[in-house]
Number of protein chains: 2
Amino acid sequence: MSTEPPLFDLRSRPERRDAARNRELLLDAAHRLVDRDGVDAVTMDAVAAEAGVGKGTVFRRFGSRAGLMSALLDHGEARWQGRVISGPPPLGPGAPALDRLLAFGESRLERTLVSGDLMVAAAGRHGRSLPAVAFLVAHVRHLLAELDVTGDLPVLALSLLAPLDVAFVLPQLEAGVTRERILATWTDLVRRVVEAG
Amino acid sequence: MSTEPPLFDLRSRPERRDAARNRELLLDAAHRLVDRDGVDAVTMDAVAAEAGVGKGTVFRRFGSRAGLMSALLDHGEARWQGRVISGPPPLGPGAPALDRLLAFGESRLERTLVSGDLMVAAAGRHGRSLPAVAFLVAHVRHLLAELDVTGDLPVLALSLLAPLDVAFVLPQLEAGVTRERILATWTDLVRRVVEAG
DNA sequence: ACCTCAAACGGACCGTGGTCCGCTTCTATT
DNA sequence: AATAGAAGCGGACCACGGTCCGTTTGAGGT
């Protein structure tokens, strides 16, 4: 998911200066295009032109359009993850685990609404790859464990995350289901799971 | 989802003879290509050539590649839906609702495994559109109601279906999670929801 | 300073999904 | 049977994602 060079692999030489510069140029250009014309306007040719580099360079740096989108998404995701890990409760630590879990759902839904189009663009053929949701799974799993929920926690955590995924949220919104209904039902679902131990 | 003309809308004139013939030619051709070379080999040009018609015709009949794939999928889906509606229990009617629900999950997972690549190809930008899962939602909703589960049943039903969606199943399989774990966890999840009323 | 060569670059090129529009064919009407 | 016009057809055309490869550039060694 990350486009940074592997931070802890000392065998790999660091990125060359021009490569690093071009990465920044490209990210800035892409960000600008998203802000100005929306995600759909971010074609690989457009971002290359906007950054003033060749198209091949975009693919060299980000691998694919989905990779570039993931990189864009990462900025926001990292900040959001920061709030989950060390922000104020109930989303951050300090609140009871159930409160944190419910706050997590609401906050995650919010992020899906705000960055849904980027998430769609960052997804490969079949939905978001597992690394992309690893943090989410790990966090939910952790909270479930604190709540003494038993079972196959990794898979259960992902099952609880699925209804909040952009692939399910956006179509429902289009069909007229409100944000509130989705959130209320998710809260309900989580309560049932937790209460059943 | 269906590519048939609207059966009960008498205002719309039926499909012209040549159009109907070409639809069949195209479906046959596409089916042949899937069988012989896999879903990825089914390009719009290839299916047009195989059917001996122009490319424009393929788009006129099916709207998009996803539409064509949906049409291919429909054959299997319809047969499967038949088994759910009127096949032998516990999947079909006659068994207790909870048994039916659990059998539904297992059977659905099976279909996801068998036709996953077609499902992926049939999905638009964001996952499968709601009409494509309308039957699934309706059935699960019905069973939940029979089990006296309260709440926002349409949204709850979709939430239970989400973990069985190809977008979540395939990545897990690739990551080494077994079919059995996925099914067991889904069964567990459903039991918790039902038991909590 | 110079050399070396892996890394990076750029843009021509390709395959594929999707559109467009002038031409053809079917069908309802008389 | 003739006719009109809607429905359908085909394939040239376009945009976009992705690849390839000859050229350039930057960093470590001498």
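Letters A, B, ... are given to chains in the order of the sequence lines, protein chains preceding strands, and every chain is numbered from 1.
When the side-chain nitrogen and oxygen atoms of A/R61 are compared with OP1 and OP2 of C/dC9, one or more of them lie within a distance under 4.0 Å. The side chain of B/R65 places no N or O atom within less than 4.0 Å of a non-bridging phosphate oxygen (OP1 or OP2) of C/dG18. Considering only side-chain N and O atoms, A/N22 lies under 4.0 angstrom from the phosphate OP1 or OP2 of C/dC9. For A/T57 and C/dG10, the shortest distance from a side-chain N or O to OP1 or OP2 is below 4.0 Å. Side-chain N/O atoms of A/R17 include none lying less than 4.0 angstrom from OP1 or OP2 on D/dG26.
One atom, CE of A/M44, and another, P of C/dA12, lie 18 Å apart when rounded to the nearest Å. One atom, CG of A/D45, and another, C1' of C/dC13, lie 12 Å apart when rounded to the nearest Å. The CZ-P distance, from B/R21 to D/dA7, rounds to 18 Å in whole Å. Here the P atom of nucleotide D/dC16 and the CG atom of A/D40 are 10 Å apart, to the nearest Å. Here D/dC16 presents its P atom at 15 Å from CG of A/L68, a figure rounded to the nearest Å. Atom CZ of A/F62 is separated from atom C1' of D/dT19 by 18 Å (rounded to the nearest Å). The CZ-P distance, from A/R23 to C/dA7, rounds to 15 Å in whole Å. Atom pair A/D18:CG and C/dC5:P shows a separation of 19 Å (rounding to whole Å applied).
Checking C/dA8, C/dG17, C/dA12 against every side-chain atom of A/R60, the shortest atom distance belongs to C/dA8. The side chain of A/E15 approaches C/dA8 more closely than any other nucleotide in the set C/dA8, D/dA12, C/dC9. Taking only side-chain atoms of A/R16, from C-beta outward, the nucleotide of D/dG26, C/dT25, D/dG17 with the closest atom is D/dG26.
A side-chain donor-acceptor contact under 3.5 Å links B/R100 to the backbone of B/V84.
Salt bridge annotation for B/E24-B/R17: absent, with no cationic side-chain nitrogen under 4.0 angstrom from a carboxylate oxygen. Classification of B/R32 and B/D28 as a salt-bridged pair fails, no side-chain N sitting under 4.0 Å from a carboxylate O.
Between atom CG of residue A/L91 and atom CD of residue A/E110 there is a gap of 11.5 Å, rounded to the nearest 0.5 Å.
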Please determine whether side chain to side chain contact (heavy atoms under 4.5 Å, CB included) holds for the pair A/R179 and A/E106, giving the CA-CA distance in whole Å, both sets of side-chain angles, and the decisive distance to 0.1 Å. CA-CA 10 Å; A/R179 188 200 91 103; A/E106 174 166 14; 4.0 Å; yes
